[in-house]
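Along the sequence shown, the residues carry numbers beginning at 1.
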Amino acid sequence: MIRDVVVHIHNEQPLLADLYALPTASDACLVCTNLRTMNGKRPVFVDRAESLFLFPLGHIRFVEIPPASIDAHEAALPRSAAGAAADEGAVDLGVALAAAGEATGGVAEAGPELEDELEIDEDFLRRVRDI
(Lines give C-alpha, C1' and ligand atoms only; values in the text may rest on other atoms or scores of the structure.)
Protein backbone atom coordinates (compact mmCIF):
# COMPACT_ATOMS: atom_id res chain seq x y z
CA MET A 1 0.00 0.00 0.00
CA ILE A 2 1.38 3.41 -0.98
CA ARG A 3 0.10 5.82 1.66
CA ASP A 4 -0.60 9.58 1.62
CA VAL A 5 -0.58 10.10 -2.14
CA VAL A 6 -1.96 13.47 -3.27
CA VAL A 7 -4.38 13.14 -6.19
CA HIS A 8 -4.92 16.35 -8.15
CA ILE A 9 -8.23 16.19 -10.03
CA HIS A 10 -9.21 18.71 -12.72
CA ASN A 11 -11.04 21.73 -11.23
CA GLU A 12 -11.12 20.22 -7.72
CA GLN A 13 -9.14 20.53 -4.53
CA PRO A 14 -6.41 17.89 -4.09
CA LEU A 15 -7.27 14.74 -2.17
CA LEU A 16 -5.16 12.39 -0.06
CA ALA A 17 -5.49 8.70 -0.82
CA ASP A 18 -3.76 5.36 -0.46
CA LEU A 19 -2.82 3.45 -3.63
CA TYR A 20 -2.56 -0.31 -3.98
CA ALA A 21 0.22 0.02 -6.60
CA LEU A 22 1.93 2.61 -8.74
CA PRO A 23 -0.08 3.57 -11.82
CA THR A 24 1.27 2.21 -15.10
CA ALA A 25 1.01 3.43 -18.68
CA SER A 26 -1.63 0.81 -19.48
CA ASP A 27 -4.00 1.87 -16.66
CA ALA A 28 -7.31 3.52 -17.52
CA CYS A 29 -8.19 4.38 -13.91
CA LEU A 30 -6.44 5.25 -10.69
CA VAL A 31 -7.47 2.74 -8.00
CA CYS A 32 -7.28 4.08 -4.46
CA THR A 33 -8.81 3.85 -1.00
CA ASN A 34 -8.90 5.85 2.25
CA LEU A 35 -9.91 9.01 0.40
CA ARG A 36 -9.75 12.21 2.45
CA THR A 37 -9.23 15.95 2.07
CA MET A 38 -5.85 17.54 2.70
CA ASN A 39 -6.83 18.25 6.32
CA GLY A 40 -7.78 14.59 6.87
CA LYS A 41 -11.56 14.92 6.79
CA ARG A 42 -13.98 12.86 4.69
CA PRO A 43 -14.98 14.65 1.45
CA VAL A 44 -18.68 15.56 1.20
CA PHE A 45 -19.20 13.34 -1.87
CA VAL A 46 -17.89 10.21 -0.11
CA ASP A 47 -20.10 7.98 2.06
CA ARG A 48 -17.31 5.75 3.36
CA ALA A 49 -13.67 6.79 3.07
CA GLU A 50 -12.45 3.17 3.32
CA SER A 51 -14.31 2.25 0.08
CA LEU A 52 -12.51 1.49 -3.15
CA PHE A 53 -12.39 4.48 -5.55
CA LEU A 54 -11.76 4.44 -9.29
CA PHE A 55 -10.84 7.76 -10.90
CA PRO A 56 -10.57 7.81 -14.70
CA LEU A 57 -7.09 9.06 -15.62
CA GLY A 58 -8.70 11.58 -17.98
CA HIS A 59 -9.97 13.47 -14.93
CA ILE A 60 -6.66 13.52 -13.08
CA ARG A 61 -4.12 16.30 -13.65
CA PHE A 62 -1.32 14.51 -11.81
CA VAL A 63 -0.54 12.28 -8.85
CA GLU A 64 1.95 13.41 -6.22
CA ILE A 65 3.71 10.52 -4.49
CA PRO A 66 5.99 11.38 -1.54
CA PRO A 67 9.38 9.60 -1.71
CA ALA A 68 8.91 8.27 1.84
CA SER A 69 5.74 6.48 0.70
CA ILE A 70 7.61 4.82 -2.17
CA ASP A 71 10.38 3.70 0.16
CA ALA A 72 7.90 2.28 2.69
CA HIS A 73 6.02 0.47 -0.10
CA GLU A 74 9.20 -1.08 -1.50
CA ALA A 75 10.37 -2.10 1.98
CA ALA A 76 7.03 -3.83 2.64
CA LEU A 77 7.22 -5.88 -0.57
CA PRO A 78 8.60 -9.38 -0.18
CA ARG A 79 11.93 -9.78 -1.94
CA SER A 80 10.46 -12.23 -4.48
CA ALA A 81 7.63 -9.80 -5.37
CA ALA A 82 10.12 -6.97 -5.87
CA GLY A 83 12.15 -9.16 -8.21
CA ALA A 84 9.05 -10.25 -10.12
CA ALA A 85 7.99 -6.62 -10.56
CA ALA A 86 11.43 -5.82 -11.96
CA ASP A 87 11.21 -8.78 -14.33
CA GLU A 88 7.83 -7.59 -15.65
CA GLY A 89 9.36 -4.29 -16.72
CA ALA A 90 8.16 -2.12 -13.85
CA VAL A 91 10.00 1.20 -13.69
CA ASP A 92 12.12 1.93 -10.63
CA LEU A 93 11.13 5.45 -9.64
CA GLY A 94 14.58 6.36 -8.33
CA VAL A 95 16.26 5.25 -11.56
CA ALA A 96 13.66 7.13 -13.64
CA LEU A 97 14.21 10.35 -11.66
CA ALA A 98 17.98 10.05 -11.94
CA ALA A 99 17.70 9.47 -15.69
CA ALA A 100 15.40 12.49 -16.02
CA GLY A 101 17.94 14.61 -14.16
CA GLU A 102 20.76 13.47 -16.45
CA ALA A 103 18.68 14.00 -19.61
CA THR A 104 17.72 17.54 -18.62
CA GLY A 105 21.14 18.53 -17.41
CA GLY A 106 20.27 18.15 -13.74
CA VAL A 107 17.08 20.21 -13.79
CA ALA A 108 15.18 17.41 -12.02
CA GLU A 109 17.51 17.84 -9.04
CA ALA A 110 16.78 21.52 -8.37
CA GLY A 111 18.88 22.58 -5.42
CA PRO A 112 19.03 25.68 -3.25
CA GLU A 113 21.13 27.58 -5.79
CA LEU A 114 18.27 27.42 -8.32
CA GLU A 115 15.78 28.69 -5.75
CA ASP A 116 18.05 31.67 -5.00
CA GLU A 117 17.99 32.68 -8.67
CA LEU A 118 14.19 32.86 -8.76
CA GLU A 119 12.85 36.33 -8.06
CA ILE A 120 9.32 37.63 -7.98
CA ASP A 121 8.65 40.10 -10.73
CA GLU A 122 6.65 42.77 -8.93
CA ASP A 123 5.60 44.46 -12.18
CA PHE A 124 4.17 41.19 -13.49
CA LEU A 125 2.31 40.57 -10.22
CA ARG A 126 0.84 44.09 -10.35
CA ARG A 127 -0.42 43.50 -13.91
CA VAL A 128 -1.99 40.18 -12.91
CA ARG A 129 -3.73 41.76 -9.92
CA ASP A 130 -5.10 44.56 -12.11
CA ILE A 131 -6.89 42.11 -14.42
Side-chain angles (χ1 to χ4, degrees):
M1 182 78 54
I2 304 170
R3 305 215 179 265
D4 299 328
V5 173
V6 183
V7 179
H8 295 266
I9 302 172
H10 287 294
N11 299 322
E12 295 289 335
Q13 293 294 318
L15 298 168
L16 284 173
D18 296 340
L19 299 180
Y20 289 102
L22 287 173
T24 63
S26 63
D27 290 344
C29 293
L30 181 71
V31 180
C32 58
T33 188
N34 194 16
L35 197 62
R36 56 210 183 274
T37 60
M38 294 300 289
N39 61 4
K41 295 183 180 179
R42 179 183 57 84
V44 295
F45 58 88
V46 172
D47 287 330
R48 296 182 181 196
E50 66 275 359
S51 298
L52 185 68
F53 297 93
L54 299 171
F55 289 104
L57 289 181
H59 293 275
I60 295 177
R61 289 183 60 214
F62 62 94
V63 177
E64 187 177 346
I65 305 173
S69 296
I70 294 287
D71 294 341
H73 174 68
E74 289 176 352
L77 285 177
R79 194 66 205 145
S80 60
D87 293 341
E88 291 175 3
V91 176
D92 181 10
L93 190 60
V95 173
L97 290 175
E102 292 172 5
T104 58
V107 173
E109 306 250 343
E113 62 274 352
L114 180 62
E115 292 175 4
D116 293 338
E117 293 177 12
L118 298 176
E119 294 181 17
I120 298 175
D121 185 5
E122 294 296 329
D123 185 46
F124 174 73
L125 288 176
R126 182 185 50 76
R127 286 184 284 161
V128 169
R129 288 184 195 123
D130 290 341
I131 294 177

Verify the neighbour count for atom [atom1] of [X]: are there more than 12 heavy atoms of other residues, nucleotides or ligands below 6.0 Å?
X	atom1	answer
Gln13	CD	no
Arg61	CZ	no
Asn11	CG	no
Arg48	CZ	no

- Item | Transitive ILVMFWY side-chain link Ile9 to Leu16, under 4.5 Å | no
- Query: Among the clusters formed by ILVMFWY side chains lying less than 4.5 Å apart, do Leu22 and Leu57 turn up in the same one?
  - Reply: yes
[atom2] on [Y] to [atom1] on [X], rounded to 0.5 Å:
X	Y	atom1	atom2	answer
Glu12	Phe55	CD	CZ	9.5 Å
Arg126	Ile131	CZ	CD1	11.0 Å
Leu35	Leu52	CG	CG	11.0 Å
Glu64	His8	CD	NE2	4.0 Å
Ser69	Met1	OG	CE	11.5 Å
Asn34	Phe53	CG	CZ	9.0 Å

- Any side-chain heavy-atom pair from Leu15 and Pro43 closer than 4.5 angstrom? yes
- Nearest heavy atoms of Ala17 and Val7, plus distance in Å: CB-CG2, 4.3 Å
- Item | Distance-minimising heavy-atom pair for Thr24 and Asp27 | N-OD2, 2.8 Å
- Task: Begin from the C-alpha positions of Met38 and Val6 and carry the test side-chain contact (heavy atoms from CB on, under 4.5 Å) through to its verdict.
- Result: CA-CA 8 Å; Met38 294 300 289; Val6 183; 4.0 Å; yes
- Query: Would a distance-only check, ignoring hydrogens and angles, find a side-chain to backbone donor-acceptor pair under 3.5 Å from Asp18 to Asp4?
  - Reply: yes
